[in-house]
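Working notes for the structure below.
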Amino acid sequence: MKNDEVEKFSNKEIAHLLRSMAAAYLLTGVNRFRIIAYEKAADSIEHLTREVKDIWQEGKLFEIPGIGSAIGSHLEDYFRSRKSRHFDSILKKIPGSVFVLMKIPTIGPKKAYKLVRELKLLNSATVIEDLKQACTQGEVAKLETFGEKSEKDIVEAINLFEKKSAKIERMPLPYAFVIAKEIIDYLKKNPRVKRVDALGSLRRMVATIGDIDIAVQIKSHKVHQVQKVYKEIIDYFIKFPKKVKVDNAGEKKASIIVHPNIRVDLRVQDEKSYGSMLQYFTGSKPHNINLREYALKNGFSLSEYGIKPLKEVRSKKLEVGSYNKKSNIYEFNSEEKFYDFLGLQYIPPEIREGTNEIEGALRHRIPKLIQREDIKGDLHIHSSYNLKPSHDLGNNTYLEILKKASQLNYQYVGFADHNPKLSGLSSHQVIEIMKLRNQEINKIRKKSYKVKSFIGLEVDILPDGRISLPEGAIDYVDYLIVAIHSLFNLDLETMTNRVLRALSYPKVKILGHPTGRLLGKREGYELNWTKIFAACRQSNIAIEINSWPDRLDLPDLLVREGLTHKAKFMLNTDAHANSQLEGIFYGVSVAKRGWCKKNDIINTLSYEKFRNWILDIRY
DNA sequence: GCCGTTTTCGGCCCGACTGTTTTCAGTCG
């Protein structure tokens with residue numbers, strides 16, 4: 001029962017509901033802008049980095065872009081009573097099997113409706129199999145505007161869909177990075193290729209990635225050769241060794257599916273319009289739509305080729321772009337020039353999400369976002385030192401970690417092994433273990449290695465909010481990270497009180513991986529964030545942005561919300577091996593997406609200031 | 001149905017690719 005509910009209110013399901021509404025309106029014929037509004041709302045919810053149901057519970061449903069008074073109040077009905085009379089009254093006009101077919105890529109509302117109507121596919125539970133059978137029997141090819149090719153394509157699309165829906169659909173960002181790098185390296189080997197960029201959600205560093213988008217800039221060629229070079233690169237791309245299928249391949253774009261069923265889109269462009277192309281292909285969709293609407297109001301039309309004046313625009317300082325007289329378009333080789341032409345401050349990819357970044361850029365209020373180089377230390381590192389921990393040990397010794405930290409130009413690190421397992425050990429034994437560890441680290445510290453260290457510990461928050469460490473053991477650490485590692489499904493209030501209690505212990509300085517989410521595997525637990533942010537601020541506790549590939553926790557939307565509550569954050573890796581320390585890069589991207597500046601992040605402080613903070617030394 | 005630095009009314013992004021057509025509709029990003 002509980003699982004059904006979660007499924008019913010998942011972002012994916014809500015998006016599908018709204019998309020079904022758009023389809024029903026399309027098929028019954030209403031003002032097309034109402035249809036677009038529903039589609040926009042569906043897109044918006046599908047790409048949220050938090051659960052829409054949680055946002056509704058916090059009373060912030062109407063803050064989601066594209067959710068206005070009408071759709072918002074219908075959704076409220078739906079969340080409250082599991083149904084909306086308005087949605088139901090519209091949806092019942094169309095056979096339910098139409099909405100099921102629409103889940104298959106390349107089948108939209110019109111094709112779905114036609115297939116259902118002509119072939120009488122009215123059983124929602126079996127419609128996909130029924131359609132497949134109709135295809136194999138040649139019935140689809142007989143229909144008007146369908147043919148043998150489309151019949152074959154439908155079968156293929158269904159097979160791919162069934163394969164895909166059996167596994168996770170979006171992968172954590174770091175996994176997508178690995179795949180993208182392989183393709184980028186492959187493309188760079190082509191002598192016609194000058195530059196390759198990963199774009200789309202990958203460039204915006206969204207926590208989970210659906211498709212991989214890539215742009216290629218060709219080396220300069222004579223004008224009449226450009227088309228030929230585009231074609232050569234497209235041909236090369238679709239021969240990528242790990243491709244399982246070529247989805248489409250035209251003159252300037254192509255899509256392939258690579259193992260294990262990931263779609264990769266490629267676009268090619270020459271240098272003079274490459275900036276326009278980067279801008280266009282980076283998205284997000286809401287950002288681009290907002291930007292184009294803004295441009296329209298100023299008399300310009302935007303595309304991946306550049307900026308086209310709608311009327312005769314003479315004068316002005318139009319030298320930022322180069323004017324192509326033949327096509328009446330201003331071309332841009334860099335994004336900076338593209339935004340500048342529109343009178344906007346440059347907007348970093350990470351915050352192009354269609355919230356209020358265009359308004360900010362217009363007023364030159366886009367903050368300088370945190371950079372990787374600003375990070376001075378990592379305070380959540382697991383070593384190989386065996387203190388009989390409750391969870392896994394790391395791979396490297398304290399000394400090895402210090403050496404690696406030095407390579408990363410860190411000034412300090414924090415050793416945050418898991419607390420000793422409480423079961424099977426007496427309090428006295430735990431205290432002894434902690435004491436020995438403290439002595440061990442102090443021995444290493446005496447070698448006066450240039451990277452300084454703090455003695456931390458990652459401590460479980462028990463179900464009742466106590467921490468899993470005997471009182472006397474606290475003397476042997478500089479600071480504690482508290483985090484939940486079990487019993488994730490308590491209700492919001494119990495969970496909130498549990499965390500608040502843990503935060504009240506002495507030496508607690510960090511709330512670790514605060515939502516407990518595992519991307520694609522486990523939703524985070526619910527907390528009253530207003531209370532958590534307030535408690536952390538009051539007790540001078542940092543909220544962790546954990547860079548572990550499956551976590552990327554805190555989610556970016558909560559980071560941004562935290563800033564409005566004046567929360568302070570800390571960027572850590574949770575590394576269990578030295579190579580993983582480099583993953584801090586992913587945490588930085590989460591912070592950027594949350595609009596963090598350098599001084600929003602505690603571990604950008606220099607060693608002396610940071611030491612005062614973490615040891616709670618007051619002046 | 002949504003939205004706001006010319007607006008609470010009157011607008012609403014833009015182009016590529018494919019299959020089935022003979023100029024286009026549907027889908028996608």
Side-chain angles (χ1 to χ4, degrees), chain A residues 18-19 21-23 25-27 30-44 46-47 62 64-75 86 90 102 104-115 140-141 143-154 157 199-201 210-213 230 234 246-255 263-269 276-277 279-308 310 329 343-344 354 356 358-365:
Chain A
L18 295 174
R19 213 159 269 137
M21 283 294 295
Y25 276 133
L26 175 73
L27 297 169
V30 299
N31 176 342
R32 71 189 180 96
F33 293 110
R34 186 188 296 173
I35 300 164
I36 292 171
Y38 271 91
E39 281 171 350
K40 267 190 188 173
D43 279 343
S44 186
E46 190 163 43
H47 291 104
F62 295 87
I64 299 172
I67 306 293
S69 56
I71 294 180
S73 63
H74 298 320
L75 280 179
H86 177 253
I90 303 300
M102 277 169 46
I104 295 164
T106 72
I107 298 185
K110 297 202 174 171
K111 278 187 190 171
Y113 187 61
K114 187 164 185 176
L115 289 166
V140 171
L143 302 177
E144 202 184 343
T145 72
F146 286 88
E148 280 177 21
K149 183 69 167 68
S150 43
E151 189 172 71
K152 217 177 105 213
D153 288 348
I154 288 174
L199 300 182
S201 53
D211 302 336
I212 292 174
D213 299 314
Y230 285 172
I234 298 274
V246 178
D247 195 61
N248 61 63
E251 287 175 10
K252 44 185 55 171
K253 62 178 267 199
S255 305
R263 184 193 170 90
V264 184
D265 295 331
L266 178 89
R267 297 219 177 200
V268 287
Q269 189 63 274
S276 320
M277 141 85 85
Q279 196 292 315
Y280 166 81
F281 213 10
T282 296
S284 64
K285 194 168 168 180
H287 173 80
N288 279 357
I289 290 177
N290 292 350
L291 192 66
R292 288 169 203 170
E293 285 180 353
Y294 162 79
L296 269 185
K297 284 167 194 157
N298 290 282
F300 297 104
S301 170
L302 310 182
S303 76
E304 63 264 51
Y305 301 111
I307 300 179
K308 185 181 275 193
L310 295 176
I329 199 166
L344 297 173
N356 56 353
I358 291 173
E359 189 190 350
L362 197 55
R363 300 176 182 194
H364 285 257
R365 292 266 177 81

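Computed from a prediction, not measured in an experiment: that's the story for all the values here. Below, read A as the first sequence line, B as the second, and so on, with proteins coming before strands; counting in each chain starts at 1.
Aromatic stacking of A:Phe33 on B:dC12: satisfied, with centres closer than 5.5 Å and planes within an angle under 30 degrees.
With rounding to the nearest 0.5 Å, the separation of CD in A:Glu304 from CD in A:Gln269 is 7.5 Å.
No contact: A:Ala295 has no heavy atom under 4.0 Å from any strand. Residue contacts shown for A:Asp153 are limited to sugar-phosphate atoms, with no base heavy atom under 4.0 Å away. Backbone-only contact: A:Ser301 has heavy atoms under 4.0 Å from sugar-phosphate atoms and none from a base. Using a 4.0 Å heavy-atom distance criterion, A:Glu251 is classed as a sugar-phosphate-only contact. Residue-level contact check: A:Glu151 touches neither bases nor backbone, having no heavy atom under 4.0 Å from any strand. When heavy atoms are screened at a 4.0 angstrom cut-off, A:Lys252 is found touching the sugar-phosphate backbone but no base atom. Heavy atoms of A:Asn248 sit under 4.0 angstrom from primed sugar atoms or phosphate atoms, though from no base atom. When heavy atoms are screened at a 4.0 angstrom cut-off, A:Ile35 is found touching no nucleic acid atom at all.
The shortest non-hydrogen separation linking A:Val268 to A:Glu251 is CG2-O, 4.4 Å. For A:Gly354 against A:Pro65, the heavy-atom pair with the smallest separation is O-CG, 3.9 Å. In terms of heavy atoms, A:Glu151 sits closest to A:Val140 at OE2-N, 3.1 Å. The nearest pair of heavy atoms linking A:Ser255 to A:Asp265 is OG-OD1, 2.7 Å. Scanning both residues, A:Phe281 and A:Leu266, for their nearest heavy atoms gives CE2-C, 4.5 Å. Residue A:Ser201 comes nearest to A:Asp213 through the heavy atom pair N-OD2, 4.3 Å, listed as atom of the first residue, atom of the second, then distance.
Candidate nucleotides B:dT7, B:dT20, B:dC14 were compared by shortest atom distance to the side chain of A:Ser150, and B:dT20 ranks first. Across B:dC14, B:dA16, B:dT20, the shortest atom-to-atom separation from the side chain of A:Lys149 is found for B:dT20. Nearest to the side chain of A:Lys111, among B:dA16, B:dT27, B:dG1, sits B:dT27. For A:Glu293, taking side-chain heavy atoms from C-beta onward, the closest of the listed nucleotides B:dC12, B:dT7, B:dG1 is B:dC12. In this structure, the nucleotide among B:dC2, B:dC14, B:dT18 sitting nearest to the side chain of A:Ala37 is B:dC2. Among B:dA16, B:dC12, B:dG19, the nucleotide with an atom closest to any side-chain atom of A:Glu304 is B:dA16. Of the candidate nucleotides B:dA16, B:dT27, B:dC14, B:dC14 has the atom lying nearest to any side-chain atom of A:Leu296.
OP1 and OP2 of B:dG19 both lie 4.0 Å or more from every side-chain N or O belonging to A:Thr145. Dashed line: the shortest gap from a side-chain N or O of A:Lys253 to OP1 or OP2 of B:dA16 is not under 4.0 Å. A:Tyr305 has a side-chain polar atom (N or O) that falls below the 4.0 Å cut-off from OP1 or OP2 of B:dA16. Phosphate contact (OP1/OP2 of B:dG29, side-chain N/O of A:Lys285, threshold under 4.0 Å): absent. For B:dG29, one of the phosphate oxygens OP1 or OP2 lies less than 4.0 angstrom from a side-chain nitrogen or oxygen of A:Arg263.
To the nearest angstrom, P of B:dC12 lies 16 Å from CG of A:Leu291. Separating the CD1 atom of A:Ile289 from the P atom of B:dC3 is a distance of 12 Å, rounded to the nearest angstrom. Between the CD1 atom of A:Ile71 and the C1' atom of B:dC3 there is a distance of 12 Å, rounded to whole Å. Put simply, CD on A:Gln269 is 13 Å from C1' on B:dA16, counting in whole angstrom units. Atom CZ of A:Arg32 is separated from atom P of B:dC12 by 9 Å (rounded to the nearest Å). Between A:Met277 atom CE and B:dG29 atom C1' there is a gap of 13 Å when expressed in whole angstrom units. Rounding to whole angstrom units, CD1 of residue A:Ile329 and C1' of B:dG15 are separated by 11 Å. Following rounding to the nearest Å, A:Arg267 (CZ) and B:dC14 (P) show an atom-to-atom distance of 15 Å.
If you take atom P in B:dC14 and the same atom in B:dT8, they sit 23 Å apart, rounded to whole Å. With P as the reference atom, B:dT7 and B:dG1 are 26 Å apart, rounded to whole Å. Rounded to whole Å, the C1' atom of B:dC24 lies 9 Å from the corresponding atom of B:dT20. Here the separation of B:dA16 from B:dG10, taken at their C1' atoms, is 30 Å to the nearest Å. Only the P atoms considered, B:dC28 is 26 Å distant from B:dT23, to the nearest whole Å. B:dT21 and B:dA25 have their C1' atoms separated by 10 Å, with the value rounded to a whole Å. The separation of B:dT6 from B:dG11, taken at their P atoms, amounts to 16 Å, rounded to a whole angstrom.
For A:Ile234 and A:Asp211, each mapped to the nucleotide of DNA chain B holding its nearest heavy atom, the one lying further toward the 5' end belongs to A:Ile234. Toward the 5' end of DNA chain B, the nearer of the two residues A:Thr106 and A:Glu144, judged by each one's closest nucleotide, is A:Glu144.
Annotated as syn: B:dT7, whose O4'-C1'-N torsion sits within 90° of 0.
Below 30°, between 30° and 60°, or above 60°: for A:His86 and A:His74 the angle between ring planes is below 30°, a parallel geometry.
Side chain to side chain, A:Thr145 and A:Lys114 meet the donor-acceptor criterion of an N or O pair below 3.5 Å.
For A:Tyr25 and B:dG1, a side-chain-to-base donor-acceptor distance below 3.5 Å is absent, hydrogens and geometry of angles not being considered.
Across all strands shown, B:dC3 pairs with B:dG10; the Watson-Crick or G-U wobble distances both stay below 3.5 Å.
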